[in-house]
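Right, one structure below, let's go through it.
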Amino acid sequence: MRKSPLSGVHRRAKRKAQSQLRIGRDFVLALMLLFLGVALPFVSAATDRRIAALARRTLISSVQSDVSAASTRYAVPTNTPAPINLDTTPAVIATLVPIEPTVAIAPVANTELSALNAPAPILMYHYIRTVDETVDPLGYQLSVTPDLFAAHMAWMAQNGYTGVRVDTLIRCLQGEPICPPHPVAISFDDGYDDAATTALPILQQYGFRATFYIVTGFVGQPAYMNWDQIRQLRDTGMEIGAHTVDHQVLTRLDISEMQRQIVQSKQVLEQTLGMNITSFCYPVGDYDATVVEQVRAAGFISAVTTRWDNNYSDMLTLPRRRVAGGTTAEELGWIITS
């Protein structure tokens, strides 16, 4: 049977339509591949940035530390070192910076310490305890093991440094003639009970002194020192400083509550311990001009921050250097001399 001429026309039209469809499909596919080739690097880069940011948040702190609501939660006493959550924790991380050994810098001669900008650091510790880094990485960063702390003090003694109180360091910086060789102030925040049970015997072993900043509202609660332990620190020559009533971030308070946190913490310590309290510690290192003025008005002579530098020109905004978990004795040397 002879085919109609129209059928050939139809077949050619169909083949042409199919060809055009394939061309269109290939064109769309090519566009998609081009788009993915251009966009994926940006998507990948953005993802990498998010991952890096998350990792940094997970690893770091004092931080620059916190939110006012977190301040209260951070301060809740606990019997065991519960894992610390960065998003609900203040102080974590204000100055947690990578600690890398460097070429040792010669210790500053004692005669040079009269200069207000002399590098005579204040070390900042929190817990002296053992924490599993895999379980609680942020708690680990706030905790130095007893063995490492002992190694830190041994390194200081072997290298000619003297561990002193913050008020002693101030007198050295102001040029008083009676000043121990190469003074380095040692400070502890918050008033955890391992300050008395673990840190104190090690300090005494080397004849060192230190300053302990106490949150008065936490005294006697689980994991914190009681008044007898704080008196023990006082009686062994340690300095006691104020760290507010309940660790509120002062810059986020109205003036009335700010004054209460500062003044009441000083009064409670003075009345209970029978001594003059002249040193203050800003919770999470956060301060501004108003906070500093209220600290001055309350009668404090010194106040410490979490700022890492060598500017000691203002005794009410003194810099400090955080000693993070896992810091070796050699790395402590870098912290002291940098």
Side-chain angles (χ1 to χ4, degrees), residues 62 75 90-91 94-95 120-128 163-174 183-196 199-200 203 208-220 224-227 229-250 258-287 291-292 294-307 312 314-323:
S62 101
T95 54
I122 303 172
L123 302 178
M124 173 173 52
Y125 289 92
H126 284 81
Y127 297 95
I128 305 301
V164 301
R165 301 159 33 142
V166 171
D167 59 353
T168 301
L169 183 66
I170 289 173
R171 290 195 293 271
C172 293
L173 292 171
Q174 292 174 336
V184 173
I186 304 170
S187 68
F188 295 83
D189 284 12
D190 304 330
Y192 301 111
D193 59 1
D194 55 44
L200 178 59
L203 290 168
F208 289 170
R209 299 289 184 267
T211 296
F212 295 81
Y213 293 107
I214 307 299
V215 182
T216 56
F218 301 162
V219 176
Y224 290 85
M225 287 187 287
N226 57 41
W227 286 114
Q229 290 174 310
I230 296 172
R231 290 187 187 95
Q232 181 187 15
L233 295 177
R234 175 201 64 188
D235 295 343
T236 53
M238 305 299 161
E239 182 185 21
I240 305 300
H243 197 25
T244 72
V245 175
D246 50 23
H247 209 277
Q248 292 293 316
V249 181
L250 296 174
M258 182 191 300
Q259 290 173 336
R260 187 185 77 84
Q261 291 284 332
I262 296 168
V263 174
Q264 185 174 316
S265 62
K266 187 177 195 293
Q267 291 175 341
V268 169
L269 287 169
E270 290 181 337
Q271 292 168 6
T272 307
L273 301 175
M275 62 187 298
N276 191 24
I277 302 297
T278 62
S279 294
F280 185 80
C281 176
Y282 301 107
V284 308
D286 201 10
Y287 66 95
V291 172
V292 172
Q294 293 305 316
V295 169
R296 189 188 315 276
F300 289 102
I301 295 174
S302 71
V304 293
T305 69
T306 55
R307 204 182 67 245
Y312 294 81
D314 186 348
M315 295 298 106
L316 291 180
T317 59
L318 293 171
R320 281 194 302 171
R321 301 181 179 188
R322 181 186 297 273
V323 183

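- Note that CZ of Arg296 and CD1 of Ile262 are 12.0 Å apart. Values are rounded to the nearest 0.5 Å.
- Every side-chain hydrogen bond (donor to acceptor under 3.5 Å, both in side chains) that Ser187 has, sequence neighbours left out, goes to Arg320.
- Looking only at side-chain heavy atoms (C-beta outward), Tyr125 and Val323 come within less than 4.5 Å of each other.
- For Thr305, the side-chain hydrogen bond (donor to acceptor under 3.5 Å, both in side chains) criterion is met by no residue, not counting sequence neighbours.
- One finds the CZ atom of Phe218 at 7.0 Å from the NE2 atom of His247 (value rounded to the nearest 0.5 Å).
- Between Ile214 and Ile240, the closest heavy-atom pair is CG1-CG2, 3.8 Å.
- Atom CG of Leu316 and atom CD1 of Ile301 lie 9.5 Å apart (nearest 0.5 Å).
- No side-chain heavy atom of Leu250 sits less than 4.5 Å from a side-chain heavy atom of Asp286.
- Remark: Gln259 engages Gln294 in a side-chain hydrogen bond (donor to acceptor under 3.5 Å, both in side chains) (not counting sequence neighbours).
- The side chain to side chain contact (heavy atoms under 4.5 Å, CB included) test applied to Ala199 returns Ile128, Phe149, Phe188, not counting sequence neighbours.
- Nearest heavy-atom pair, Phe208 versus Met238, reported as atom, atom and distance to 0.1 Å: O-CE, 3.5 Å.
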Any chance you could lay out the side chain to side chain contact (heavy atoms under 4.5 Å, CB included) test for Val304 and Met124, step after step, and finish with the verdict? CA-CA 10 Å; Val304 293; Met124 173 173 52; over 6 Å; no

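- A donor-acceptor pair under 3.5 Å is formed between the side chain of Thr211 and the backbone N or O of Val166.
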Side chain to side chain contact (heavy atoms under 4.5 Å, CB included) between Ile186 and Val164, worked out: CA-CA 6 Å; Ile186 304 170; Val164 301; over 6 Å; no

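- Taking the side chain as every heavy atom from C-beta outward, Thr317 and Asp314 approach each other to under 4.5 Å.
- Residues that satisfy the salt bridge (Lys or Arg N to Asp or Glu O under 4.0 Å) test with Arg234, not counting sequence neighbours, are absent from this structure.
- Tyr287 pairs by the ring-ring contact (aromatic ring centres under 6.0 Å, His included) definition with Tyr282, not counting sequence neighbours.
- Between the CZ atom in Arg260 and the CD atom in Gln248 there is a gap of 8.5 Å [rounded to 0.5 Å].
- Residues Val219 and Tyr224 form no side-chain contact, since every pair of their non-hydrogen atoms from C-beta on lies 4.5 Å or further apart.
- Side-chain N or O atoms of Gln261 include none that pairs as donor or acceptor with a backbone N or O of Met258 at under 3.5 Å.
- In this structure, Ile170 and Ser302 approach most closely via the heavy-atom pair CD1-CB, 3.1 Å.
- Here the side chain of His126 pairs no donor or acceptor atom with the backbone of Asp189 at under 3.5 angstrom.
- Residues that satisfy the salt bridge (Lys or Arg N to Asp or Glu O under 4.0 Å) test with Asp167, not counting sequence neighbours, are Arg165.
- Taking CD1 of Ile122 as the start and OH of Tyr312 as the end, the distance is 5.5 Å to the nearest 0.5 Å.
- Judged as a side-chain hydrogen bond (donor to acceptor under 3.5 Å, both in side chains), and not counting sequence neighbours, Thr216 has no contacts.
- Under the salt bridge (Lys or Arg N to Asp or Glu O under 4.0 Å) criterion, Arg231 pairs with Asp228, sequence neighbours left out.
- Here the side chain of Gln264 pairs no donor or acceptor atom with the backbone of Val245 at under 3.5 angstrom.
- Distance check, rounded to the nearest 0.5 Å: CE of Met225 to CG of Leu200 gives 9.5 Å.
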Can you check side chain to side chain contact (heavy atoms under 4.5 Å, CB included) on Leu233 and Phe212, steps first, answer last? CA-CA 8 Å; Leu233 295 177; Phe212 295 81; 3.7 Å; yes

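- Residues passing the side chain to side chain contact (heavy atoms under 4.5 Å, CB included) test with Val184, sequence neighbours excluded: Pro121, Leu123, Met156, Tyr161, Ile336.
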Which side-chain N or O atoms in residues 268-276 pair as donor and acceptor under 3.5 Å with protein atoms at least two apart or in another chain?
residue : atom : partner : partner atom : Å
Glu270  : OE2  : Lys266  : NZ           : 2.6
Glu270  : OE2  : Ile277  : N            : 3.0
Thr272  : OG1  : Val268  : O            : 2.8

Would Ser265 and Thr244 count as a side-chain hydrogen bond (donor to acceptor under 3.5 Å, both in side chains) if you check the C-alpha gap in whole Å, the side-chain angles of each, and the deciding distance to 0.1 Å? CA-CA 5 Å; Ser265 62; Thr244 72; over 6 Å; no

Would Tyr213 and Ser279 satisfy side chain to side chain contact (heavy atoms under 4.5 Å, CB included), going step by step from the backbone distance to the final call? CA-CA 8 Å; Tyr213 293 107; Ser279 294; 3.9 Å; yes

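- Under the 3.5 Å distance criterion, with hydrogens and angles disregarded, a donor-acceptor pair is assigned to the side chains of Asp190 and Tyr192.
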